[in-house]
Structure formats: structure tokens, C-alpha cells
Protein chains: 2
Amino acid sequence: MMTNDFAGLEAAQEQAIQKARKRVIESIGKNMDLYGITQSTGLLYGLMFFQDKPMNLDEMGQAMEMSKTSMSTGIRTLVDLNMVNKVWEKGSRKDLYEVERDWHQTFADFFVLKWRKAVELNLMALRRSKAELDKLAESGGSEALHALIGGDLEKIRQAIDYYLWLDRVIDLMESGEIFKHVPKEEPSS
Amino acid sequence: MMTNDFAGLEAAQEQAIQKARKRVIESIGKNMDLYGITQSTGLLYGLMFFQDKPMNLDEMGQAMEMSKTSMSTGIRTLVDLNMVNKVWEKGSRKDLYEVERDWHQTFADFFVLKWRKAVELNLMALRRSKAELDKLAESGGSEALHALIGGDLEKIRQAIDYYLWLDRVIDLMESGEIFKHVPKEEPSS
DNA sequence: AATTATATACAGAAAAAACCGTACGTACTT
DNA sequence: AAGTACGTACGGTTTTTTCTGTATATAATT
């Protein structure tokens with residue numbers, strides 16, 4: 001059973017709408033690499049963006065002309081990034097998905113999810129290495145050794161400072177405070 | 001002529017420092033995918049991070065155990081992202097590079113460079129499609145057609161709003177205003 | 001002017017990633 | 001309980017990306 005959104009429309013009209021959609025979908029798909037997402041998954045997202053109803057994997061595969069397997073993995077990527085939500089609809093045994101419409105939130109979520117993790121991992125590595133070098137410095141050694149360690153420690157210190165700053169930027173996104181500084185509605189000038 | 005930073009140090013000391021560096025370098029390399037950078041280029045960046053002197057392509061190739069060609073392409077990626085600067089040193093015919101130490105700026109630059117471009121391209125596509133749909137709506141048509149167009153236009157409107165917001169977030173980075181809201185120095189609590 | 005040193009364009013090789021079909025486990029239906 | 005519908009793990013194939021060696025262009029040195 002295939003529902004057709006364009007039922008009853010003239011071919012030329014449908015074509016015009018499809019063309020308008022296609023441009024947007026492809027632009028979205030092309031720029032989604034910033035989210036670390038493959039182009040085809042980006043196109044899937046773009047497709048779903050124009051859907052008024054939740055889609056199931058079979059519909060996606062049909063529309064994308066790709067395998068159901070690929071839809072499954074693609075959609076998981078999108079769900080993991082909170083870009084797409086799984087929705088429940090009684091009567092249907094199939095999993096249904098729809099795009100998250102609050103893109104501001106989507107962006108903030110992505111930022112928190114990905115960049116926070118990077119910050120944490122890098123900070124951990126930096127602190128461990130700092131501790132090792134501190135210890136090495138304490139255990140005596142030549143002048144040359146201390147100069148070398150000092151250089152590395154200074155670089156590490158700067159890096160840590162940066163990540164702590166970045167962490168606070170991420171806080172801004174997570175807390176929603178960003179919307180105080182940059183309101184969703186364009187200030188009417 | 002190969003200069004050795006570790007000249008005159010005990011092997012165990014050199015090893016300890018290398019271990020500390022390696023952890024940081026690998027962490028950086030691993031997380032650099034957020035910048036759309038390949039892991040090996042990320043490792044190159046990490047390597048250069050601990051260098052006190054500008055490096056040339058031959059030194060990089062030797063340290064990374066990779067071809068000079070790869071170093072050339074890798075370094076270009078990093079230069080394009082303003083993560084690495086080309087420096088001039090009289091007497092040397094080789095191109096020399098060193099990492100940009102101001103990571104706050106590096107982050108802001110990246111954000112402006114990459115996200116701004118995405119915003120512009122997406123906005124362009126959205127506005128074109130909006131114009132087409134507006135025109136199509138004006139040219140009459142059935143009730144069903146107008147409902148369909150209206151749905152798409154509403155989605156496009158929301159998307160445009162979002163990108164305008166994101167554009168202002170990017171402005172925050174570009175103008176340096178972000179540092180007013182999130183100062184580089186951690187506020188002493 | 002000839003020689004040498006340097007970076008990179010280019011094409012092929014190697015590695016990685018995306019994609020698909022099959023097989024299987026789970027949960028719903030009968 | 002048997003059968004059916006569904007999503008996905010998995011292995012193999014195709015496509016894309018990364019990496020390398022050679023060739024070439026450019027600029028410095030002799």
C-alpha cells in the first residue's frame with residue numbers, strides 16, 4: 001500500500017514541487033558532512049524532512065532506491081544524533097521515524113554530544129601526561145631534561161586551558177543559555 | 001642533518017617523555033575527525049604540536065614514517081584550516097610550518113570557515129525553492145496543491161529561521177564576542 | 001646556462017568505508 | 001505452537017578515500 005502525497009495533482013505541478021524539494025534535500029545532504037554523516041544518510045534526512053508522516057524502513061528504501069539494510073544503519077546514525085526520533089503508532093509493527101523539527105535543539109545536541117566527548121578524552125590524555133611529566137621533573141635530572149619537560153608542560157597547560165574554555169562553550173549550548181545571547185527570533189532592527 | 005631534541009638525555013627519560021607526548025598526540029589525532037580531518041593528518045598535527053621549531057616536509061615524513069607527498073597534502077589541509085602556519089626562515093629553501101598556538105582562535109576560525117559556508121549554501125537553496133513555491137502558489141491551482149505547497153513553505157520557513165540563528169552564532173565566533181560571554185580565563189569561583 | 005633542491009600533480013596501489021543480500025533472532029498473529 | 005513480519009548482524013562486493021612513487025614545474029645555487 002503506497003500512499004501518494006501528490007494524488008490528484010497535475011504532473012507539472014508535482015514536478016515543480018519535487019524540483020523545489022530536491023534542491024533543498026541535496027543541499028542538506030551535501031552539507032551534512034559537518035556532522036560526520038555520510039552523504040547518503042544526509043539525503044535520507046533531507047527526504048524525511050519533507051515528509052509529513054513518520055516513515056518506515058521500507059518506505060525509505062523505496063524512496064532512496066537503496067537497500068533496507070542501509071536505511072537501517074542510516075537511520076540509526078540519525079537517531080544517535082537526535083536528528084530523528086523513533087515514534088510509535090499503534091497498529092503498525094514497523095518502526096517509524098520522523099525528523100526532529102527543532103533544529104536549534106538538534107544543533108545544540110550535536111554539539112554537546114560530539115564535542116563534549118572530544119573535550120573529555122583530550123583532557124584526560126593531557127592530564128595524565130601532565131602528571132607523568134610532573135613526576136619526571138620531580139625526580140631530578142639534568143638541566144636539559146628540565147628544559148624539555150618545561151616546554152611540554154607549558155604546551156599542555158595551554159591546551160588544557162583551551163579545552164576548559166571549550167567545555168564552557170559547550171555548557172552554553174547544553175544549558176540553553178546560548179539562546180539568551182543569540183535569541184531564536186532575529187532581533188527586529 | 002638531523003637535530004635531536006633529546007640529545008644528552010638518558011634513554012629512560014626520553015622514553016618517558018615520548019610516552020607522555022604519544023598519549024596526547026594520539027588523543028588529538030583521534031578526535032580531529034570533528035574537523036573533518038583524517039586521522040593521519042590529525043597525528044601530523046599532534047606531532048607538530050610538540051615541536052619547538054618549524055618543521056619541513058622531509059622532517060615530517062621521517063617522523064611520521066610516511067611519504068613526503070602525504071605530508072604535502074596533509075599540511076595543506078591544516079594550513080587551509082588555519083591550524084598550521086607557513087613560516088619563513090632565511091637560509092632555508094624548504095617550506096616551514098608550525099602549529100597555530102592560539103587554539104581558541106583556531107576553533108573560532110574553523111567554525112566560521114566551515115559552518116558559514118554550509119549556512120550560506122543551505123540558505124541559498126532554501127530561498128530559491130521558497131521563491132519557486134511562492135510563484136507556484138500564486139499561479140492558482142487546486143486546494144490540494146495549496147495545502148501541499150503550504151506545508152513545504154512552512155518547513156522551509158522554519159529552516160531559514162534556524163540558519164539565520166546559526167549565522168548569528170557564527171557571528172559570535174567571528175567577532176570575538178564569544179569571549180565576552182565565555183572568557184578565556186576560567187572565572188575564579 | 002647548467003645543476004640541484006624543492007614541492008606538488010598525477011596515476012596507480014592499498015586501505016577504508018559504504019552498500020547490499022542473506023541469515024537469523026525476536027515479537028506479533030493466527 | 002506454528003507461521004509471519006520485521007529489524008539488524010554479518011560477510012562479501014563495490015565504491016571511495018588515502019597513500020605512495022614517479023614525473024614535472026619552479027626556484028635557488030653554482
Side-chain angles (χ1 to χ4, degrees), chain A residues 1-2 26 28-48 53-81 83-98 114, chain B residues 1-2 26 28-48 53-81 83-98 114:
Chain A
M1 181 207 65
M2 183 66 196
E26 286 180 354
I28 289 175
K30 213 166 287 176
N31 293 115
M32 208 86 120
D33 60 331
L34 283 173
Y35 291 91
I37 281 179
T38 147
Q39 174 141 342
S40 72
T41 301
L43 292 172
L44 171 61
Y45 180 82
L47 167 74
M48 294 178 69
K53 304 205 176 272
M55 291 186 91
N56 63 49
L57 294 177
D58 288 312
E59 290 165 350
M60 295 177 206
Q62 207 160 339
M64 296 281 295
E65 297 186 46
M66 285 178 70
S67 74
K68 196 175 175 180
T69 308
S70 295
M71 296 303 100
S72 179
T73 59
I75 211 71
R76 178 157 45 180
T77 305
L78 293 171
V79 168
D80 287 348
L81 287 172
M83 289 178 165
V84 157
N85 297 315
K86 194 171 190 169
V87 295
W88 290 100
E89 209 168 80
K90 67 178 176 184
S92 172
R93 282 163 69 176
K94 297 173 197 268
D95 293 355
L96 295 168
Y97 302 91
E98 67 185 359
K114 290 291 190 180
Chain B
M1 183 206 66
M2 184 64 196
E26 286 180 354
I28 290 175
K30 213 166 289 173
N31 293 114
M32 206 87 119
D33 60 332
L34 283 172
Y35 291 91
I37 281 179
T38 113
Q39 174 141 341
S40 71
T41 301
L43 291 174
L44 171 61
Y45 181 81
L47 167 74
M48 294 178 69
K53 302 202 177 276
M55 290 185 94
N56 63 50
L57 295 178
D58 288 309
E59 291 165 350
M60 295 175 205
Q62 206 161 340
M64 296 279 296
E65 297 185 46
M66 285 180 70
S67 73
K68 196 175 173 180
T69 307
S70 295
M71 297 303 98
S72 179
T73 59
I75 211 71
R76 178 157 43 183
T77 304
L78 294 171
V79 169
D80 287 348
L81 287 173
M83 290 179 164
V84 157
N85 297 314
K86 194 172 190 170
V87 295
W88 290 100
E89 208 169 82
K90 68 178 174 184
S92 171
R93 282 161 70 172
K94 297 172 196 271
D95 292 356
L96 296 167
Y97 302 91
E98 65 184 2
K114 291 290 189 181

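Every heavy atom of this structure was used, including side-chain atoms; hydrogens, water molecules and symmetry mates were not. Note on naming: letters A, B, ... go to the chains in the order of the sequence lines (proteins, then strands), and numbering restarts at 1 for each one.
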Open item on the list: Keeping Asn85(B) on the side-chain end and Val87(B) on the backbone end, is there a donor-acceptor pair under 3.5 Å?
Closed with: no
Open item on the list: Just verifying a value: how many Å separate Glu26(B) CD and Gln39(B) CD, rounded to the nearest 0.5 Å?
Closed with: 8.0 Å
Task: Options dC20(C), dT8(D), dA7(C), nucleotide nearest the side-chain atoms of Lys68(A) - done: dT8(D)
Task: Spacing of Asp80(A) atom CG relative to dT8(D) atom P, expressed in whole Å - done: 11 Å
- [ ] Measure from CZ on Arg76(B) to P on dA9(C) and round the result to the nearest Å.
- [x] 5 Å
Open item on the list: Quick check on DNA chain C: between Lys86(B) and Ser67(A), whose nearest nucleotide comes earlier from the 5' end?
Closed with: Lys86(B)
- [ ] Round to a whole Å and report the spacing from CG of Leu44(A) to P of dC20(C).
- [x] 12 Å
- [ ] Find the distance between CZ (Arg76(A)) and OH (Tyr97(A)) and round it off to the nearest 0.5 Å.
- [x] 9.0 Å
Open item on the list: So if I take every side-chain heavy atom of Leu57(A) and compare against dT20(D), dA7(C), dT8(D), which nucleotide ends up nearest?
Closed with: dT8(D)
Open item on the list: So, using salt bridge (charged side-chain N to carboxylate O under 4.0 Å, His left out) as the criterion, who are the partners of Asp33(B) when residues are at least two apart?
Closed with: none
Task: Lys94(A) NZ to dT4(D) P, straight-line distance once rounded to whole Å - done: 16 Å
- [ ] Working to the nearest 0.5 Å, report the span between CG of Leu57(A) and CE of Met71(A).
- [x] 8.5 Å
- [ ] Look at Ser70(A) and dA18(C) and indicate whether a side-chain polar atom (N or O) is within less than 4.0 Å of OP1 or OP2.
- [x] no
Task: Proximity to the side chain of Met66(B) - top-ranked nucleotide from dT8(C), dA9(D), dT20(D) - done: dT20(D)
Under 3.5 Å, which N/O atoms of the protein pair with N/O atoms of nucleotides 22-30 of chain C?
none

Open item on the list: Without decimals, in angstroms, what is the distance between Glu89(B) CD and dA28(D) P?
Closed with: 16 Å
TODO: Whole angstrom is fine here: how far is it from CH2 in Trp88(B) over to C1' in dT6(C)?
DONE: 11 Å
- [ ] Give me the one residue out of Met48(A), Lys86(A), Glu98(A), Glu59(A) that meets side-chain contact (heavy atoms from CB on, under 4.5 Å) with Pro54(A).
- [x] Glu98(A)
Open item on the list: Rounding to an integer number of Å, can you tell me how far Ile75(A) CD1 sits from dT8(D) P?
Closed with: 10 Å
Task: For Ala63(A) against Leu47(A), the heavy-atom pair lying closest together - done: CB-CD2, 3.6 Å
Open item on the list: Between P on dA7(C) and CD on Glu59(B), what's the gap in Å once rounded to a whole number?
Closed with: 10 Å
Open item on the list: Using a 4.0 Å heavy-atom cut-off, does Ser40(A) contact any base of the nucleic acid, only the sugar-phosphate backbone, or nothing at all?
Closed with: sugar-phosphate
